[in-house]
Amino acid sequence: DAGITQSPRHKVTETGTPVTLRCHQTENHRYMYWYRQDPGHGLRLIHYSYGVKDTDKGEVSDGYSVSRSKTEDFLLTLESATSSQTSVYFCAIRNRADYGYTFGSGTRLTVV
Amino acid sequence: GNSVTQMEGPVTLSEEAFLTINCTYTATGYPSLFWYVQYPGEGLQLLLKATKADDKGSNKGFEATYRKETTSFHLEKGSVQVSDSAVYFCAPNYQGGSEKLVFGKGTKLTVNP
């Protein structure tokens, strides 16, 4: 168990409000990722991080920002939430041993 | 760019039927290959993996063989159970640079009793 937790598990927010999702890991993994999962689209990478203060964009980064001020926390922020950002968000870490991923349990976000 | 093509679903089978879910990837270098499974309401979890050509990954009765010549990593199970109902994702890891997993779109499997 990579000790990865996401918070909150569920959130409902209004259009135009800022939202921050948190991913926390306890095993000092260097690489962390944020994905969104939507019907018909599978998993799409939003942003990822390869170290403290080192982040890069994924394929669907518009409308999202991230921060990683310490190894254990990777934050995803929706600056001004829109209905198109209603989704399930998953955080993942990359395992050192085999380069596979371990995923968090997900955050279900609804923008109304 | 790097990509993976996964058999489209949904797939519906009866219990004890044979399962194959096809997966092919673009041959950039020598990626490690993974299958992930997502049970309803949960996150993805690793099902099996293979790290070099001709390796066979196996877990919970599922198998997949790394076929470099056909750039494929098809998932198989000889006798599915109702509890295998889930979404299955194929994912090659193209190492180097950003080292990101590229996920297929997922194949939803429903097994009926």
Side-chain angles (χ1 to χ4, degrees), chain A residues 1-10 21 23-25 29-51 54-61 66 74 87-109, chain B residues 1-10 21 23 25 28-52 55-59 64 66 73 86-109:
Chain A
D1 185 355
I4 181 169
T5 56
Q6 290 184 235
S7 58
R9 290 297 310 277
H10 302 272
L21 309 183
C23 179
H24 179 78
Q25 53 120 343
H29 292 282
R30 179 181 173 194
Y31 286 84
M32 299 183 75
Y33 306 81
W34 275 108
Y35 286 86
R36 61 178 288 175
Q37 185 177 31
D38 305 286
H41 292 279
L43 283 170
R44 293 183 290 176
L45 181 64
I46 306 171
H47 282 279
Y48 64 99
S49 169
Y50 45 97
D54 290 323
T55 65
D56 206 348
K57 296 179 180 180
E59 61 183 307
V60 290
S61 60
V66 289
F74 191 32
S87 186
V88 180
Y89 292 85
F90 287 101
C91 175
I93 58 91
R94 194 189 76 171
N95 303 316
R96 284 183 283 272
D98 60 13
Y99 297 154
Y101 288 6
T102 298
F103 284 83
S105 299
T107 295
R108 183 173 294 276
L109 176 68
Chain B
N2 299 320
S3 67
V4 55
T5 301
Q6 186 176 337
M7 182 173 122
E8 298 234 354
I21 301 177
C23 172
Y25 59 93
T28 302
Y30 299 96
S32 297
L33 301 174
F34 301 86
W35 275 101
Y36 285 82
V37 59
Q38 185 180 30
Y39 298 104
E42 299 183 12
L44 280 73
Q45 53 186 275
L46 178 66
L47 179 60
L48 54 83
K49 65 183 180 186
T51 57
K52 61 182 188 295
D55 267 3
K56 178 184 285 187
S58 61
N59 186 26
Y66 191 141
F73 193 52
V87 182
Y88 294 82
F89 294 89
C90 181
N93 179 357
Y94 293 93
Q95 297 184 26
S98 57
E99 309 210 21
K100 294 175 288 188
L101 280 181
V102 177
F103 286 91
K105 291 194 172 182
T107 302
K108 183 176 182 180
L109 170 67

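Throughout, a chain's letter reflects where its sequence line sits, starting with A, and its residues are numbered from 1. If you're wondering where the values come from, they're calculated on a predicted model, not measured in any experiment.
When the shell of 6.0 Å around CZ of A/Arg108 is examined, it contains 12 or fewer heavy atoms from other residues, nucleotides or ligands. Residue B/Glu8 qualifies as open at atom CD: its count of foreign heavy atoms under 6.0 Å is 12 or below.
In plain terms, the two heavy atoms of B/Phe89 and A/Gln37 that are nearest each other are CZ-NE2, 3.4 Å.
Of the listed residues B/Gln38, B/Gln6, B/Gln45, the one with more heavy-atom pairs under 4.5 angstrom with chain A than any other is B/Gln38. Considering only heavy-atom pairs separated by less than 4.5 Å from chain B, the leading option among A/Ala92, A/Ser105, A/Gly100 is A/Gly100.
Within the 4.5 Å cutoff, the side chain of A/Leu43 has no heavy atoms near those of the B/Leu101 side chain.
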Please step through ring-ring contact (aromatic ring centres under 6.0 Å, His included) for the pair B/Phe34 and A/Phe103, ending with a clear verdict. CA-CA 14 Å; B/Phe34 301 86; A/Phe103 284 83; over 10 Å; no
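Residues satisfying the salt bridge (charged side-chain N to carboxylate O under 4.0 Å, His left out) criterion with B/Asp55, sequence neighbours excluded, are B/Lys52.
Note: B/Tyr36 and A/Tyr101 fail the aromatic proximity criterion, with ring centroids not under 6.0 Å apart.
Heavy atoms of A/Phe90 lying under 4.5 Å from chain B belong exclusively to its side chain.
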